[in-house]
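Structure first, commentary second.
Naming convention: chains lettered A, B, ... in sequence-line order (proteins, then strands); numbering from 1 in each chain.
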2 protein chains.
Amino acid sequence: MTTTPADSPRRTADVYATLCPARDVLDVLSGKWSALVIGALEEGPRRFTSLQHRLQGVSPKVLTRTLRRLEDYGFITRTVIAQVPVRVDYALTDLGRGAAAPLAHLRHWVETNTRIG
Amino acid sequence: MTTTPADSPRRTADVYATLCPARDVLDVLSGKWSALVIGALEEGPRRFTSLQHRLQGVSPKVLTRTLRRLEDYGFITRTVIAQVPVRVDYALTDLGRGAAAPLAHLRHWVETNTRIG
DNA sequence: CAGTATCCAAAAGGATACTG
DNA sequence: CAGTATCCTTTTGGATACTG
């Protein structure tokens, strides 16, 4: 786990280590809305307002921050289409699609294992 | 996944709904240390100090709060063994073991997909 | 439409010292 | 050993009003 093959672009991280950057990534994905945004984008690109409606209860400020952070970490793209009014599409990157899979499992597990009522 | 067998005690939740209790559960699992604690307990019960060492950088106050919350939600048990000095074991419940699976996938994905360096 | 700006409250995180 | 208690900082969340 501390060895790095010369031909590999990746090393294995340890989320239990204090300074491991993987922990930052885990933190980003652990935000209140991050997993929900990524899940919403699994079906295809969405616009800001569309996401806002899908994520019941999110305020524009918080949604913006969530989107920016996901963009900074390379999970989603933000595409501005110059028209009037302006149109902005958010979509998953390959990395985002990769993260979407385990997150979907987690969401599904939570949905089926949470007692309602 | 949206069907519920008549003999099942569970209904399907929707984490996208504002008032869905599943969202609380997702939030608990999304805490900075929750997924790490659950992962640490997958190998077997651990004591407070053992967890503290495994989760590099966690303070006793924060660890306590994390453990209490996981206990409240039924993911872990806290067992006090009356001896001197007192011994306290934390262990996963069945629910906790269930949650551990998708969380392990997520951790593993993060560890292998986070660029280090 | 897709955000910003502002203000605020609450939660989370953390360092450190102390205790049954 | 397994926490509490205290104090503090940072982060997060949120309501609302406004703008190019």
Side-chain angles (χ1 to χ4, degrees), chain A residues 15-21 23-38 40-41 45-73 76-91, chain B residues 15-20 23-38 40-41 45-73 75-91:
Chain A
V15 290
Y16 286 94
T18 311
L19 299 175
C20 183
R23 199 129 105 181
D24 294 340
V25 175
L26 195 58
D27 285 349
V28 170
L29 297 179
S30 295
K32 179 168 183 178
W33 304 101
S34 301
L36 298 177
V37 166
I38 290 179
L41 293 179
R46 271 175 184 269
R47 305 172 65 172
F48 189 88
T49 309
S50 166
L51 284 169
Q52 202 174 356
H53 289 147
R54 183 89 179 92
L55 277 58
Q56 293 176 33
V58 72
S59 74
K61 193 194 74 171
V62 171
L63 180 55
T64 297
R65 188 173 49 197
T66 301
L67 291 169
R68 292 277 184 279
R69 205 163 26 165
L70 289 174
E71 192 189 355
D72 290 345
Y73 276 82
I76 64 173
T77 56
R78 177 177 180 272
T79 308
V80 181
I81 294 133
Q83 60 182 39
V84 190
V86 68
R87 174 197 174 107
V88 179
D89 279 346
Y90 291 94
Chain B
V15 289
Y16 285 93
T18 311
L19 299 175
C20 183
R23 197 129 106 184
D24 293 341
V25 175
L26 195 58
D27 286 348
V28 170
L29 297 179
S30 295
K32 180 169 182 177
W33 304 102
S34 301
L36 265 32
V37 167
I38 290 179
L41 294 179
R46 273 175 182 271
R47 304 172 63 171
F48 189 88
T49 308
S50 166
L51 284 169
Q52 202 174 354
H53 289 146
R54 182 90 179 91
L55 277 58
Q56 292 177 35
V58 72
S59 74
K61 193 194 74 169
V62 170
L63 180 55
T64 297
R65 190 175 46 196
T66 301
L67 291 169
R68 292 277 185 279
R69 207 164 23 166
L70 289 173
E71 192 190 356
D72 289 344
Y73 276 83
F75 291 111
I76 65 173
T77 55
R78 177 177 179 272
T79 308
V80 182
I81 293 131
Q83 60 182 38
V84 189
V86 67
R87 172 196 176 110
V88 179
D89 279 346
Y90 291 94

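Residue contacts for B/R65: at a heavy-atom cut-off of 4.0 Å it reaches a base atom on one of the strands shown. Using a 4.0 Å heavy-atom criterion, one finds that B/V88 contacts the sugar-phosphate atoms exclusively.
In the helix from C/dC1-D/dG20 to C/dG20-D/dC1, the end axes, each obtained as the rotation axis mapping the C1' atoms of four pairs onto the next four within a five-pair block, lie 60° apart to the nearest 10 degrees.
At the phosphate of C/dA12, OP1 or OP2 sits under 4.0 Å from a side-chain N or O atom of B/R69. In terms of phosphate contacts, B/Y90 brings a side-chain nitrogen or oxygen within less than 4.0 Å of OP1 or OP2 of D/dG3. For the pair B/R47 and D/dA2, the criterion of a side-chain N or O lying under 4.0 Å from OP1 or OP2 is met. Taking 4.0 angstrom as the limit, B/R78 places a side-chain polar atom (N or O) nearer than this to OP1 or OP2 of D/dG3. Note on A/T49: a side-chain N or O is less than 4.0 Å away from OP1 or OP2 of C/dA2. Proximity of A/R68 to the phosphate of C/dT4: a side-chain N or O atom is located under 4.0 Å from OP1 or OP2.
Taking atom CG of residue B/L26 and atom P of nucleotide D/dG13, one finds them 12 Å apart after rounding to whole Å. Taking atom CG of B/L63 as the reference point, atom P of C/dA12 lies 15 Å away to the nearest angstrom. Following rounding to the nearest Å, A/K32 (NZ) and C/dG13 (P) show an atom-to-atom distance of 14 Å.
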